[in-house]
*Asks:* 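Let me begin by handing over the structure; questions about it come next.
Just so you know, ligand 1 is whichever comes first in the structure, and atom 1 is the first atom listed for that ligand. Note that the numbering runs from 1 along the sequence shown for the chain.
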Amino acid sequence: MLIQNPPDIASSEITDEHAYLNRRQFVRGVTGTALGVVAAGLVPGTVAEAGDVGQQEIQNVKPGPFRTDEPQNSFEDITSYNNYYEFGLDKRDPSRNAHTLTTSPWTIQVDGHVAKPADYHIEDLLKGIAFEERVYRLRCVEAWSMVVPWVGFPLSTLIKRFGPTSGAKYVEFTTVLRPSEMPGVRRPVLDWPYVEGLRMDEAMHPLTILAVGLYGKTLLNQNGAPVRLVVPWKYGFKSVKSIVRMRFTSEQPRTAWNKATPNEYGFYANVNPTVDHPRWSQRSERRIGRFFRQATLMFNGYDDQVASLYNGMDLRRFY
Ligand code: MTE
């Protein structure tokens with residue numbers, strides 16, 4: 001993003017299924033029944049059991065659709081190599097600094113063109129939601145990628161509850177802005193708060209989810225606790241973290257990266273190996289944890305699902 005060349009980190013292990021299952025059993029053993037009670041309603045971040053790091057096991061997670069069977073990145077990679085500029089620019093900064101963010105209580109303001117605008121407590125929003133594990137590729141605009149087993153649910157489930165009216169053509173998402181808890185926002189890297197947006201049909205698409213966890217447990221702050229967007233066919237910067245506002249608009253929202261450098265970051269930000277970033281190629285990517293680069297796929301490999309959303313659009317112009 002602000003860097004000259006896509007960054008690299010040392011290779012690290014991919015978590016295999018055996019290690020994953022062991023970890024799940026370990027977490028169940030440590031946190032046990034107390035979490036069973038709390039997690040039935042999923043109240044992220046409210047219980048920090050001795051010996052864990054403030055995460056809770058999310059119960060009754062069903063395998064979701066669109067699951068890639070590529071090897072999943074390790075929990076360590078996913079939680080220690082992050083972009084969350086509100087906590088610093090270095091990939092390790094979010095894992096070092098984000099623990100200062102208070103994620104409970106958490107309210108999401110819903111406003112604009114909707115029948116039911118309100119400030120919703122996250123507990124109320126998550127009541128009755130069926131959580132799914134969605135194993136998705138995440139392709140960062142910086143030309144690295146990961147495979148993440150998210151726990152979440154279709155964004156469309158919530159949007160339907162809010163009742164968008166005919167004026168709602170886009171959804172704008174805003175990240176929490178708390179300078180006292182976010183050391184990175186003291187520098188004017190972006191015009192804070194971090195804002196992203198989707199066209200309504202993109203927001204309603206079954207691939208688009210709100211994630212509340214990964215590897216079966218509630219999100220750590222560096223990954224966007226308590227709730228973040230995941231749009232797997234778009235560059236990672238569209239997947240806005242720690243959401244406090246969803247505004248339904250008739251105009252295309254002005255997004256943080258597009259405001260900062262409009263010639264580099266467009267509104268659509270669809271993964272597209274044929275359109276280079278002005279400062280580097282987007283043809284290939286480095287999967288974190290692997291040595292060799294691999295080809296980047298159109299729409300990050302989700303073209304069968306999403307290409308029709310952009311029929312007739314010049315994707316060089318609408319990048
Ligand atoms: N959301 C906020 N609020 N601030 C950020 O800096 N970075 C984005 C996105 N969401 C970012 C954000 C970018 S560039 C990427 S690649 C993904 O988060 C990374 O998500 P991850 O750290 O969970 O892998």
*Asks:* Flag the pair Val151 / Tyr215 as yes when at least one side-chain heavy-atom distance between them is below 4.5 Å, and no otherwise.
*Replies:* no
*Asks:* Of the backbone atoms (N, CA, C, O) and the side-chain heavy atoms from C-beta on, which set of Arg228 has a member under 4.0 Å from an atom of ligand 1: side chain, backbone, both, or neither?
*Replies:*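 The side chain, only.
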*Asks:* Does Gly224 have a heavy atom less than 4.0 Å from any atom of ligand 1?
*Replies:*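 It does not, in that no heavy atom of Gly224 comes within the 4.0 Å cut-off of ligand 1.
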*Asks:* So for ligand 1, is Trp150 a polar contact partner (N or O within less than 3.5 Å, distance only)?
*Replies:* no
*Asks:* For atom 18 (O) of ligand 1, state which one of Gln222, Lys241, Lys91, Met182 supplies the nearest heavy atom.
*Replies:* Lys241
*Asks:* Are the aromatic rings of Phe162 and Tyr120 close, with centres under 6.0 Å apart?
*Replies:* yes
*Asks:* We want to know whether Gln222 and Asp93 form a side-chain donor-acceptor pair, criterion being a heavy-atom distance below 3.5 angstrom.
*Replies:* no
*Asks:* Do you know the tightest heavy-atom contact between Ser239 and Val231?
*Replies:*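 In this case the closest contact between Ser239 and Val231 is OG-N, 3.2 Å.
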*Asks:* Where the closest heavy atom to atom 9 (C) of ligand 1 is concerned, which of Ser95, Ala211, Gly236 has it?
*Replies:*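 Result: the heavy atom closest to atom 9 (C) of ligand 1 is in Gly236.
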*Asks:* Applying side chain to side chain donor-acceptor pair (under 3.5 Å), run through Glu181 and Thr100 and close with a yes or a no.
*Replies:* CA-CA 5 Å; Glu181 298 181 2; Thr100 50; over 6 Å; no
*Asks:* Counting only heavy atoms closer than 4.0 Å, does ligand 1 sit against the backbone of Tyr194, its side chain, both, or neither?
*Replies:*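 The answer is the side chain of Tyr194.
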*Asks:* CG of Leu177 to OH of Tyr194: how many Å apart, nearest 0.5 Å?
*Replies:*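 Those atoms lie 14.0 Å apart.
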*Asks:* Using a strict cut-off of 4.0 Å, indicate which atoms of ligand 1 neighbour a heavy atom of Glu86.
*Replies:* 2 (C), 3 (N), 4 (N), 5 (C), 6 (O)
*Asks:* With the threshold set at 4.0 Å, does a side-chain nitrogen-carboxylate oxygen contact exist between Glu142 and Lys91?
*Replies:*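 Salt bridge: yes.
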*Asks:* Hey, does Glu196 sit under 4.0 Å from ligand 1 if you only count heavy atoms?
*Replies:* no
*Asks:* Examine the proximity of ligand 1 to Thr175 and report which part, side chain or backbone, both or neither, has a heavy atom under 4.0 Å away.
*Replies:*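 Side chain only.
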*Asks:* Once you restrict to heavy atoms under 4.0 Å, what part of Glu142 touches ligand 1? Side chain, backbone, both or neither.
*Replies:*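 Neither; nothing of Glu142 gets under 4.0 Å from ligand 1.
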*Asks:* Counting each atom of ligand 1 from 1 as listed, which ones have a heavy atom of Cys140 under 4.0 Å away?
*Replies:* 16 (S)
*Asks:* Using a 4.0 Å cut-off to any heavy atom of Asn82, which atoms of ligand 1 qualify?
*Replies:*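 In order of numbering, the contacting atoms are 21 (P), 22 (O), 23 (O).
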*Asks:* Is NZ or CZ of Arg137 both nearer than 6.0 Å to the six-membered ring centre of Tyr302 and within 45° of the ring axis?
*Replies:* yes
